[in-house]
J.: 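Below is a structure I'd like to ask you about.
So you know, we letter chains A, B, ... as the sequences are listed, proteins then strands, and number each from 1. Only heavy atoms go into these numbers, but all of them, side chains included; no hydrogens, no water, no symmetry mates.
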Number of protein chains: 4
Amino acid sequence: MVTAAAAERSRPVPRPRADALRNRERIVAAAREMFVEFGPEVPFDEIARRAGVGNATLYRHFADRAELIREVVCSVMDRASEQAERALAEEGDAFGALRRFVHAAADERIGALCPMLAGDFDKEHPDLDEARDRIESLVEELMARARTAGQLRTDVAVGDLMVALSQLTRPLPGSGCVNFDQFVHRHLQLFLDGLQAPARSELPGTAATLEDLRQRA
Amino acid sequence: MVTAAAAERSRPVPRPRADALRNRERIVAAAREMFVEFGPEVPFDEIARRAGVGNATLYRHFADRAELIREVVCSVMDRASEQAERALAEEGDAFGALRRFVHAAADERIGALCPMLAGDFDKEHPDLDEARDRIESLVEELMARARTAGQLRTDVAVGDLMVALSQLTRPLPGSGCVNFDQFVHRHLQLFLDGLQAPARSELPGTAATLEDLRQRA
Amino acid sequence: MVTAAAAERSRPVPRPRADALRNRERIVAAAREMFVEFGPEVPFDEIARRAGVGNATLYRHFADRAELIREVVCSVMDRASEQAERALAEEGDAFGALRRFVHAAADERIGALCPMLAGDFDKEHPDLDEARDRIESLVEELMARARTAGQLRTDVAVGDLMVALSQLTRPLPGSGCVNFDQFVHRHLQLFLDGLQAPARSELPGTAATLEDLRQRA
Amino acid sequence: MVTAAAAERSRPVPRPRADALRNRERIVAAAREMFVEFGPEVPFDEIARRAGVGNATLYRHFADRAELIREVVCSVMDRASEQAERALAEEGDAFGALRRFVHAAADERIGALCPMLAGDFDKEHPDLDEARDRIESLVEELMARARTAGQLRTDVAVGDLMVALSQLTRPLPGSGCVNFDQFVHRHLQLFLDGLQAPARSELPGTAATLEDLRQRA
DNA sequence: AATGAATGAGTATTCATTCAT
DNA sequence: CATGAATGAATACTCATTCAT
């Protein structure tokens, strides 16, 4: 009892308050929804309203737009990573696991990453690196299995899949994405068919890694 | 061809002055470049500056952003239509013509249509209908030939190709697209491989027409 | 002396707790430093941070900015009064005592009073009257001695000295005052030379008392 | 003279419109008044209102607060320079000319320079250098004449006078300066008396040039 | 017709102050 | 008592659009 109290007092970061944590979660959730729907330029006041907090509360949690975007980006990546892990764990067929991940990632609105990554924010932040490394290694594993099974053409790399996946699932700005999804899954399916071995054409350029994307975005 | 179409769209009534016409062309050209590079939200003053005219001149030619966007959309579509016509005329192999068109359309920045179409503008305008009908029928012809030749899977429609094409070539907001292109052509190639007959999987949803897109955007 | 005066000013009623008193002192000290350095507009949160307390604690001790400013003003005046008392007690030469006080008051940042007095706060508060009366009578005594000794021109009053002293030592907003001090003491010295008898010119206006300043500020 | 200098500062390129020039003048005039009265932090909207223009017009003429402050600073310096020129031209007695300039500069609110110089703005701008060089050389000339005539003590430099002058005439924030002026001229007179030869005391520190001030401010 | 200038409405951001733990 | 969190009101700044030359 005494030691616990002393430890709490001596800690420099004294355990965030429960309601503040709840607010933070609600803000991130609201931001994710609105970024996906309207792009990363949405007014902060709208995000705050949707989250049910005052606008200044948002600034208490995230010093600027960049910080909020980063948090949402990491959150989306993490959710996609979870999907990748499930696909790896639960799917028997190697290419089937890849398919499952791609469609699941689409449902997690991974396409929203594109416009968000393009905005001004610190692309060197460790949280971001961590989230990217995680998703990258998981997708690499998915692709490696499919390649080993002879189901995936050999001239594609992680970056190829991730960028195309992001682009094909990228929301149309200003539109509710409701009936767009049905098309998206068709396009993904077609793209996946193009990924299958044997290769039906020779690809231009060189295989893209996530590193290349970091340079560009 | 494109100039003819554009001329038809201009006011036929009071015989436009030569310098006014030149200004109009320069504005559309500047807008196309900037829309592609920065998205359709670019400040009007910047477009005017790039075009080398005063901002009010821009308003003289285009009552609002919607009108300018529409003009640019039509212009991009027209240029893509030209590419489709050339592919039809000059390419022997049916699927090869389709491939050629897809890559050429990418170079014409057809991906910029997506964010532009999403903005608020009158999607019922006759100019737009005309340009869309033109590109649609041309692409349909390209696809029909490939299908007839047994090179194209039978469960895809024009809308599938056009939307995926737009999405895959869509510029990343805020970034010079320079080194992005090399990836884009890879993705297009993979997608085209997925379009080839025989179909490697069953597609979800139903084949998309351009009509469906009009509803959505 | 200053602690005694400060203690008298605190609520005598409910017997304040020891840590609360310590907090109050730390807040006043922090506020004095920051007012001098950045002016009286500094964010309350910053003062609280420098004092090492939460912002709400600050409000517990001082209902609003006016109250805090008043406390700091009194504190600065008290410290200057102490200097005046020492000069009176320890300095043999009458004008030398005046000189010593002026330079010592400058080092106590008495110039910070000007911007602080200008802000909105209750200039009728008894604490303020008390502190002002104290410094005024002390400076009057210093001047009276010098005048009696024939060292001080006869057409100047306390207000003349106090205002000029405050103005000449007033910090430049936004700048660390480090190397400014060396100039300040030169200016004070020149002003003091102008105060010496015999008068070298006829002064415009009338001799200023501290009462006049109260009206104005 | 001042108009000439101001004209030189304007863009030589596109020939400014008449009404725009009038607006610019009104904005600078309004800003000068309000900076003197309330300090350089006054809301831009208030300046615009006083100038009788919309707030955005203010931004058209001055990209940010720094630019407006710079213009006002130059304007105040130019007006003081004019006073120095008149004193040099019209006053027979050397020290009399210096006295006249000092009091006239006070009436031109030269004290407002202090808080304005402290704000964030580009202290390297050529306009500023020009205005400072002008006032500096004029005051140097005034002081040189008085020194040559044996009327000015030899251990003071331009910076000593300019800083003390600015400080002594510096407006009290938040107060209309109406009845403050009568005191100011007394203080200036006392300071001037202290400047007269023969020196009545030895000055601490070293003579200040305007260069030193540039470093500090 | 063409243009530079003016404007008001909208957004981001800060900060004093109140509230809940 | 002490505190971190929440909030709304204020301000800076941008940009589409209209006005005057």
J.: Select base, sugar-phosphate, or nothing to describe what Arg60(C) touches, counting heavy atoms under 4.0 Å on all strands.
T.: base
J.: In terms of side-chain geometry, is the basic nitrogen of Glu37(C) or Arg32(C) positioned less than 4.0 Å from the acidic oxygen of its partner?
T.: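 Salt bridge: no.
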J.: Is the phosphate of dA5(F), meaning OP1 or OP2, less than 4.0 Å from a side-chain N or O of Thr57(A)?
T.: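 No, no such contact exists.
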J.: From CZ of Arg65(A) over to C1' of dT11(E), roughly how many Å is that when rounded to an integer?
T.: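 From Arg65(A) CZ to dT11(E) C1': 9 Å.
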J.: Give the dot-bracket string for DNA chain E, reading 5' to 3', where a pair is Watson-Crick or G-U wobble with both distances under 3.5 Å, ( ) marks pairs inside the strand, [ ] marks pairs crossing earlier ones, | marks a partner on another strand, and . marks unpaired.
T.: .||||||||||||||||||||
J.: Hey, which of these two, Ala63(C) or Asp19(D), hits DNA chain E nearer its 5' end, going by closest nucleotide?
T.: Asp19(D)
J.: In this structure, how many angstroms lie between the P atom of dT21(F) and the CG atom of Leu21(D), rounded?
T.: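 The distance from CG of Leu21(D) to P of dT21(F) comes to 14 Å, rounded to the nearest Å.
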J.: Is any side-chain heavy atom of Phe44(C) less than 4.5 Å from a side-chain heavy atom of Asn55(C)?
T.: no
J.: Taking all non-hydrogen atoms of both residues, which atom of Ile69(B) and which atom of Pro40(B) are closest, and how far apart?
T.: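 In terms of heavy atoms, the two residues are closest at CD1-CB, 4.1 Å.
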J.: What I'd like to find out is whether the side chain of Asp127(B) reaches to under 4.5 Å of the side chain of Val73(B), using heavy atoms alone.
T.: no
J.: Rounded to whole Å, please give me the gap between CZ in Arg26(D) and P in dA5(E).
T.: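 So the CZ-P distance, Arg26(D) to dA5(E), works out to 16 Å.
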J.: In whole Å, I'd like the distance from the CZ atom of Arg22(D) to the C1' atom of dA20(F).
T.: 11 Å
J.: Under 4.0 Å from any atom of DNA chain E, heavy atoms only: list the residues of residues 41-55 of chain D that qualify, in numerical order.
T.: Val53(D), Gly54(D), Asn55(D)
J.: For Leu68(A) and dA12(E), what is the distance between atoms CG and P respectively, to the nearest whole Å?
T.: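 That distance rounds to 11 Å.
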J.: Whole angstroms only, please: what is the NE2-C1' distance between His61(A) and dG4(F)?
T.: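 To the nearest whole Å, that distance equals 10 Å.
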J.: Val76(C) versus Arg109(C): any side-chain heavy-atom pair under 4.5 Å?
T.: no
J.: How close or far is atom P of dT17(F) from atom OH of Tyr59(B), stated in whole angstroms?
T.: 4 Å
J.: Would you please test Ile47(B) and Leu68(B) for side chain to side chain contact (heavy atoms under 4.5 Å, CB included) and show each step?
T.: CA-CA 11 Å; Ile47(B) 298 176; Leu68(B) 178 55; 4.1 Å; yes
J.: Between Asn23(A) and Ala56(B), who's closer to the 5' end of DNA chain F by nearest nucleotide?
T.: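 On the 5' side of the pair lies Asn23(A).
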J.: Figure out the CD1/C1' separation between Ile27(D) and dA5(E), and round it to whole Å.
T.: 11 Å
J.: Does a salt bridge link Arg49(B) with Glu46(B), judged by any charged N lying under 4.0 Å from a carboxylate O?
T.: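 Yes.
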J.: Can any side-chain N or O of Asp64(D) pair as donor or acceptor with the backbone N or O of Glu67(D) at less than 3.5 Å?
T.: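 Answer holds: yes.
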J.: Could you tell me whether Glu71(A) and Arg24(A) have a side-chain N and a carboxylate O separated by less than 4.0 Å?
T.: yes
